[in-house]
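Contents: one structure, followed by commentary.
Because only heavy atoms are used, hydrogens play no part in the values below, and waters and symmetry mates are left out as well, while side chains stay in.
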Amino acid sequence: MDNTSLVRLSIFLGVFVLMAVFEAMLPARQDLLGRKARWVGNLSMVIIGALVSRILLPATLVGVSIWAQQQGVGLFNFVMEATSPEVTATSGFQSAESLQSLIFISVVALSILLLDMIIYWQHRLFHNVPVLWRFHRMHHTDSHVDTSTGLRFHPVEIAISLGVKAATVAVLGVPAIAVVIFEVALNGFAIFNHANVRLPQQWDDRVGLVFITQRLHRIHHSQTKSETNSNYGATVSWWDRLFGSFSPRAEFSDEILPIGQKDVPGTRKNSSISALLCQPFKSR
């Protein structure tokens, strides 16, 4: 296991354990089906998804980033090459190294922002393109939302998302450090905003000005279609505000908000590994 994978795994496990403890101590909602019945299937999805990702892209997204840098592929690699110390020194700049450091920091920040925006639009497309919704819908058929729901994605969706991110990293020439930061943040927030906890409303509103809170994300898991098609952001709330998909309140209060999909009851049978994998090919 390389260092970046070890860092990602360590942070992932740390956030998962921390949020699982919080939701066990202070649950926002009652899980009627039970943790054991749901967690076996949900956790199996992340394992299968990781295997699929490793098979499809053995080099990982960091490997794609390194390849793009070595080949001079991608917008930001072109920018960094054009502003290299050798080039800027001949252009009259007094501190070429300082200038490139500033440019590199700006490139990293912009890369993370663009990756996050693209994931927002990818998520939105998964809701609005029928063939994509068939696979993403499995995530929404969970009858309860907790830390394990943040890992419940169909392997086909994982594969498509991996392709989108790999293409983005190559086309933009995203630096490896930006890929690591983004992936760590994306995985951590997927667990954080699915956790079965609730902030006091005044704090929820304040945090929600920047980040997608647990309550805001539960609106996204509502059985009401207009609410499900809102709050797409994986980390921050400003993409939803900017692109008109932000929903600050649901029709029902968070305590009684109907979660899941009406035509897929939250039963042990529907939560099994085989049922989750086959669901996109059976449901209408």
Side-chain angles (χ1 to χ4, degrees), residues 4-5 8 12 41-65 67-68 73-74 111-142 145 148-174 178-180 182-191 193-194 212 217 220-221 225 228-236 239-240 243 245 261 264 273-284:
T4 58
S5 296
R8 286 184 56 191
F12 166 79
N42 289 359
L43 296 182
S44 295
M45 292 305 103
V46 71
I47 295 173
I48 296 172
L51 292 174
V52 168
S53 297
R54 182 61 67 174
I55 292 171
L56 293 178
L57 192 65
T60 73
L61 291 176
V62 171
V64 174
S65 172
W67 171 84
V73 174
S111 294
I112 294 170
L113 282 174
L114 289 175
L115 280 168
D116 198 53
M117 184 181 70
I118 287 170
I119 291 301
Y120 163 87
W121 279 106
Q122 173 192 281
H123 190 181
R124 193 161 176 170
L125 285 174
F126 265 104
H127 275 254
N128 290 280
V129 177
V131 67
L132 297 179
W133 170 242
R134 292 179 72 88
F135 294 100
H136 183 63
R137 186 172 180 270
M138 187 266 276
H139 175 70
H140 281 267
T141 57
D142 202 346
V145 177
S148 73
T149 311
L151 310 174
R152 175 184 166 129
F153 294 96
H154 197 279
V156 173
E157 178 177 356
I158 294 294
I160 295 173
S161 180
L162 181 63
V164 170
K165 288 187 286 188
T168 301
V169 169
V171 170
L172 292 180
V174 176
V179 172
V180 174
F182 172 74
E183 287 285 278
V184 167
L186 185 65
N187 293 338
F189 271 98
I191 297 170
N193 58 32
H194 282 91
I212 292 291
H217 195 71
H220 180 70
H221 280 262
K225 186 175 181 179
T228 301
N229 291 337
S230 70
N231 299 352
Y232 295 106
T235 54
V236 294
W239 303 126
D240 285 291
F243 298 117
S245 58
Q261 296 288 295
V264 184
I273 299 173
S274 60
L276 294 179
L277 291 174
C278 294
Q279 189 182 111
F281 307 101
K282 292 182 177 180
S283 59
R284 294 184 179 180

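- Taking CG of L114 as the start and CD1 of I118 as the end, the distance is 6.0 Å to the nearest 0.5 Å.
- The list of salt bridge (charged side-chain N to carboxylate O under 4.0 Å, His left out) pairs with a residue in residues 119-130, not counting sequence neighbours, is empty.
- Within the 4.5 Å cutoff, side-chain heavy atoms of S53 are placed close to those of I158.
- Counting heavy atoms from C-beta outward, D116 and W239 have side chains that approach closer than 4.5 Å.
- Using a 4.5 Å heavy-atom cutoff, the side chains of F153 and S161 are not in contact.
- For the pair M138/E157, no side-chain contact is recorded, criterion being any heavy-atom separation below 4.5 Å from C-beta on.
- Looking only at side-chain heavy atoms (C-beta outward), L186 and K165 come within less than 4.5 Å of each other.
- Pairing each heavy atom of L43 with each of V46, the nearest pair is O-CG1, 3.0 Å.
- Aromatic pair F243/Y232: ring centres not closer than 6.0 Å.
- Each of H123, H194, H139 was scored for a ring pair (Phe, Tyr, Trp, His ring centres under 6.0 Å) with H220, with one residue passing: H123.
- For the side-chain hydrogen bond (donor to acceptor under 3.5 Å, both in side chains) with H136, the lone residue among H127, H154, Q122 that qualifies is H127.
- Between N42 and L151 the shortest side-chain heavy-atom distance does not fall below 4.5 Å.
- The shortest distance between side-chain heavy atoms of P155 and L277 falls below 4.5 Å.
- The closest side-chain heavy-atom distance from W121 to F126 is not below 4.5 Å.
- Considering only residues two or more places apart in sequence or on other chains, S230 meets the side-chain hydrogen bond (donor to acceptor under 3.5 Å, both in side chains) condition with none of them.
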